Novice: 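What follows is a single structure, and I will ask about it in a moment.
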Amino acid sequence: MKPNKPNEYRANAEIRTTVKSACLASCQKILAQIKKAKEAIFAESRDALATQERLVRLALNEAEALAWQTMYPNLVFPTLAMEKVQGLAVWNAHQQSVRQTNRPSAFAAQQIGNVRGY
C-alpha cells in the first residue's frame with residue numbers, strides 16, 4: 001500500500017503547529033511566573049533598600065538571566081533572586097557602616113582646621 005504523501009505532509013504540519021503553540025504557551029506561562037515573582041520580591045525589598053532601587057532591579061535582572069540558563073527557570077528564579085537581594089542588603093548595610101566610621105566628627109574637623117590656621 002502506497003502512503004498518501006500530501007496527507008502525511010499536512011499531518012506533520014499540523015503536529016508542528018500544535019507543538020509550536022504548546023511551546024509558546026509554556027514559555028509565556030514561565031515568563032508570567034517570573035515576572036510575578038520579580039514584582040513581589042521587588043515590592044518586598046523596596047522598604048529595606050529604598051535608596052538602592054536601581055541596584056535591586058539590576059540584581060533581579062541578573063538573577064533572571066542566570067535562571068534562564070537552567071532547565072527550570074521559573075523554579076530557580078525566586079530563590080536566586082532572594083539570594084541576590086539579600087546579598088545587596090548585606091552590602092548596603094556594610095557600606096553604611098563604612099561611611100559612618102570614616103566620617104570625621106565635626107569637632108575633629110574643627111581641630112584640624114585650627115591646627116592649620118584656618
Side-chain angles (χ1 to χ4, degrees):
M1 184 168 173
K2 191 174 182 183
N4 191 350
K5 292 290 183 182
N7 287 339
E8 284 183 32
Y9 293 134
R10 194 174 314 125
N12 286 340
E14 289 173 6
I15 291 171
R16 280 193 297 273
T17 301
T18 303
V19 170
K20 184 178 171 181
S21 296
C23 286
L24 181 60
S26 177
C27 285
Q28 288 173 337
K29 184 177 178 181
I30 291 170
L31 282 168
Q33 290 172 341
I34 288 176
K35 181 179 179 184
K36 185 177 178 182
K38 188 187 266 190
E39 289 170 357
I41 293 168
F42 180 76
E44 185 179 313
S45 64
R46 188 180 323 191
D47 295 334
L49 298 164
T51 60
Q52 303 294 333
E53 182 176 321
R54 181 174 169 271
L55 292 178
V56 172
R57 288 193 189 279
L58 289 172
L60 292 175
N61 289 342
E62 182 180 349
E64 182 179 2
L66 290 171
W68 276 110
Q69 295 177 15
T70 68
M71 293 280 294
Y72 305 100
N74 55 328
L75 300 178
V76 173
F77 173 74
T79 303
L80 190 55
M82 288 302 296
E83 288 177 1
K84 293 280 186 186
V85 170
Q86 288 170 352
L88 180 59
V90 168
W91 174 83
N92 190 45
H94 173 73
Q95 292 293 37
Q96 287 179 352
S97 70
V98 167
R99 286 185 202 116
Q100 289 174 354
T101 57
N102 287 340
R103 190 177 302 155
S105 67
F107 178 75
Q110 183 181 19
Q111 295 303 315
I112 291 171
N114 288 341
V115 170
R116 293 185 178 159
Y118 296 112

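Computed from a predicted model, the values in this text were never measured in an experiment. Quick note: residue numbers are just sequence positions, from 1.
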Novice: Between K29 and N74, does a side chain to side chain donor-acceptor pair (under 3.5 Å) hold up when you go through it step by step?
Specialist: CA-CA 9 Å; K29 184 177 178 181; N74 55 328; over 6 Å; no
Novice: Distance from Q28 atom CD to K35 atom NZ, nearest 0.5 Å?
Specialist: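 So the gap between those two atoms works out to 12.5 Å.
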Novice: Side-chain heavy atoms nearer than 4.5 Å, only ILVMFWY residues, links allowed to pass through others: does that put L80 and W68 together?
Specialist: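 No, L80 and W68 fall in different hydrophobic clusters.
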Novice: I need the K84 NZ to I41 CD1 distance, nearest 0.5 Å.
Specialist: 13.0 Å
Novice: Please answer: with hydrophobic residues joined when any side-chain heavy atoms are less than 4.5 Å apart, are M82 and L58 in the same cluster?
Specialist: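 Linked within one cluster.
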Novice: Spell out, as yes or no, whether a donor-acceptor pair under 3.5 Å connects the side chain of S45 to the backbone of F42.
Specialist: yes
Novice: Which atom names give the shortest non-hydrogen contact between V85 and V56, and what distance separates them?
Specialist: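 Looks like CG2-CG1, 4.4 Å.
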Novice: Does A22 offer a backbone N or O that forms a donor-acceptor pair with the side chain of S26 under 3.5 Å?
Specialist: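 Checked: no pair found.
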Novice: So how far is it from K38 NZ to L60 CG, rounded to the nearest 0.5 Å?
Specialist: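 It comes to 6.5 Å.
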Novice: Is there a chain of hydrophobic side chains (I, L, V, M, F, W, Y, each step under 4.5 Å between heavy atoms) that links L66 to I34?
Specialist: no
Novice: Could you see if V76 belongs to whatever hydrophobic cluster contains I30? Use Ile, Leu, Val, Met, Phe, Trp, Tyr and a side-chain cutoff under 4.5 Å.
Specialist: no
Novice: Find the distance between CD (E39) and CD (E44) and round it off to the nearest 0.5 Å.
Specialist: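 CD of E44 is found 14.0 Å from CD of E39.
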Novice: What do the steps show when you test Q33 against F77 for side-chain contact (heavy atoms from CB on, under 4.5 Å), and what is the final call?
Specialist: CA-CA 10 Å; Q33 290 172 341; F77 173 74; over 6 Å; no
